[in-house]
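Since the structure is predicted, the reported quantities are computational estimates derived from the model, not experimental observations. Naming: A, B, ... by sequence-line order, numbering from 1 per chain.
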Number of protein chains: 2
Amino acid sequence: MASHKREHFTAAEQQLAAVAKALGHPARVAIVRLLAQRRVCVCGELVLELPLSQSTVSQHLKELKAAGLVQGEVDGPRVCYCLDAAGWAVARRLFGDLLAEMPVAAAPDAAGCC
Amino acid sequence: MASHKREHFTAAEQQLAAVAKALGHPARVAIVRLLAQRRVCVCGELVLELPLSQSTVSQHLKELKAAGLVQGEVDGPRVCYCLDAAGWAVARRLFGDLLAEMPVAAAPDAAGCC
DNA sequence: TACTTTTATCGTCGATTTACGATTGCAAAT
DNA sequence: ATTTGCAATCGTAAATCGACGATAAAAGTA
């Protein structure tokens, strides 16, 4: 249906893109995994585990916070970072909805494009 | 570049980041959804559905192809794009593995960070 | 107060992304 | 062979990203 161009993308598309973008860097994937394993929690410990400088890690944490995947609470002189369960619930829903629309490789070749 | 702390990131982390990055733009999310709905299939039709120029859409398709989520087969003068089921299977596994590590909001507050 | 520790922010740099119009290439039709 | 139509690529410009060192801010300690 050759309709007119859409002014914007849907809210779900933009939210999903935002979360996916936050996970679109190996360092940020590594950070959330480290936080999930509870092996580390404080920014300084993350720096020790990652091949990045302190300022770069802090920047990645800022982006993960902006995406709602991580939250940090001040604990004295340091900051304790942990995963935001609510944010991950949203991410689960968004990715789940998208993947539900996508093809399953039931048929081996299954291309059958057009 | 001058990184000398630990090893780099795992293969899974890099693969996941690559797929997430490909989905990290609303236009690319919209494209795969349009392809999934089978409403459109050809580049030109995608252009009509999106608020982007032909060259920009082609560029997004190229990135989705590079990420293994889309494949295009030449069909006469036009190109028929379709989702790559194998690529989506990989994406499912990568995201599934990551989400399996992430917290579920079972416990309401559950922060209990440190 | 002064000092230390920890993290956030600033400023900068190069690389990449995003977008576009214009051009090229390719396959079918004339 | 020429024309037509669609898609990929080129070239370019603005914006963003990713990284770093340096510096500031905040909190505890001496």
Side-chain angles (χ1 to χ4, degrees), chain A residues 2 5-9 13-14 17-32 34-35 40-67 70-82 113-114, chain B residues 1-6 8-9 13-14 17-32 34-35 40-67 70-82 113-114:
Chain A
K5 291 185 177 182
R6 298 188 49 86
E7 288 303 315
H8 296 299
F9 304 104
E13 282 164 355
Q14 296 184 69
V19 176
K21 191 175 185 181
L23 294 176
H25 193 290
R28 292 194 286 270
V29 176
I31 286 173
V32 295
L34 286 167
L35 293 179
V40 295
C41 178
V42 183
C43 179
E45 300 175 32
L46 286 167
V47 174
L48 293 177
E49 295 284 343
L50 296 169
L52 298 168
S53 72
Q54 181 266 323
S55 59
T56 302
V57 172
S58 186
Q59 185 67 21
H60 283 308
L61 285 168
K62 186 180 180 181
E63 292 184 49
L64 288 169
K65 261 198 291 187
V70 157
Q71 56 188 3
E73 52 188 53
V74 179
D75 173 30
R78 70 204 89 206
V79 175
C80 172
Y81 282 100
C82 53
C113 184
C114 294
Chain B
M1 319 294 189
S3 309
H4 41 11
K5 296 247 174 163
R6 281 265 178 155
H8 30 270
F9 306 101
E13 283 164 354
Q14 297 184 67
V19 176
K21 191 175 183 180
L23 295 175
H25 193 291
R28 291 194 285 270
V29 177
I31 287 173
V32 294
L34 285 168
L35 294 179
V40 295
C41 177
V42 184
C43 178
E45 301 175 31
L46 287 167
V47 174
L48 293 176
E49 296 282 344
L50 296 168
L52 298 168
S53 72
Q54 182 265 322
S55 59
T56 302
V57 172
S58 187
Q59 185 67 22
H60 283 308
L61 284 168
K62 185 179 181 181
E63 293 183 48
L64 288 169
K65 262 198 289 188
V70 158
Q71 56 188 5
E73 53 187 54
V74 178
D75 172 30
R78 68 204 90 204
V79 175
C80 171
Y81 283 100
C82 53
C113 186
C114 294

Below 4.5 Å, heavy atoms only, C-beta onward: do H25(A) and K21(B) meet side chain to side chain?
-> no
Indicate yes or no for a side-chain donor-acceptor contact from R78(A) to the backbone of V42(A) under 3.5 Å, with no hydrogens or angles considered.
-> no
Give a yes/no answer on whether the side chain of K21(A) brings an N or O atom under 4.0 Å of OP1 or OP2 in dC17(D).
-> yes
If you check every side-chain atom of Y81(A), which of dA19(D), dT7(C), dA7(D) has the closest atom?
-> dT7(C)
Report the distance from atom CD of Q54(B) to atom P of dT24(C), rounded to the nearest whole Å.
-> 15 Å
Considering only heavy side-chain atoms of H60(B), the closest of dA22(D), dA19(D), dA19(C) is dA19(C)
At their closest point, which heavy atom of L35(B) faces which heavy atom of Y81(B), and how far apart are they?
-> CD2-O, 3.7 Å
Check whether any side-chain N or O of R28(B) sits under 3.5 Å from a backbone N or O of H60(B) as a donor-acceptor pair, and report yes or no.
-> no
Hey, is the main chain of G44(A) close enough, under 3.5 Å, to the side chain of Q54(A) for a donor-acceptor pair?
-> no
Figure out the CD/C1' separation between E73(B) and dA27(C), and round it to whole Å.
-> 16 Å
Among dG21(D), dC6(D), dA8(D), the nucleotide that comes nearest once only the side chain of S53(A) is considered = dG21(D)
Touch check for Q59(A), heavy atoms < 4.0 angstrom, all strands: base, sugar-phosphate only, or nothing?
-> nothing
Would you say the side-chain atoms of S53(A) and T56(A) include a donor-acceptor pair closer than 3.5 Å?
-> yes
Starting at NE2 of H25(A) and ending at C1' of dT17(C), how long is that distance when rounded to a whole Å?
-> 14 Å
Is the phosphate of dC20(D), meaning OP1 or OP2, less than 4.0 Å from a side-chain N or O of T56(A)?
-> yes
Axis bend over the full length of the helix from dT1(C)-dA30(D) to dT30(C)-dA1(D), computed from five pairs that close each end, to 10 degrees | 10°
Taking only side-chain nitrogens and oxygens of R78(A), does any of them come within less than 4.0 Å of OP1 or OP2 of dA26(D)?
-> no
How would you label the contact of E63(A) with the nucleic acid (heavy atoms, under 4.0 Å): base, sugar-phosphate, or nothing?
-> sugar-phosphate
Length of the line joining K62(A):NZ and dA19(D):C1', which is rounded to integer Å | 15 Å
Report the distance from atom CG of L50(A) to atom C1' of dG18(D), rounded to the nearest whole Å.
-> 14 Å
Looking only at heavy atoms, the pair that brings L34(B) and E49(B) closest together is CD1-CB, 3.9 Å
For nucleotides 28-30 of chain D, tabulate all protein N/O to nucleotide N/O atom pairs closer than 3.5 Å, reporting atom names and distance.
none

Is there side-chain contact between L61(A) and L46(A), with at least one heavy-atom pair below 4.5 Å?
-> yes
Calculate the interatomic distance between L48(A) atom CG and dT7(C) atom P; express it in whole Å.
-> 10 Å
Among dA8(D), dT18(C), dA8(C), the one nearest V79(A) by side-chain distance | dA8(C)
Go through the N and O atoms of the side chain of S55(B) and the base of dG21(C), and report whether any donor-acceptor pair is under 3.5 Å.
-> yes
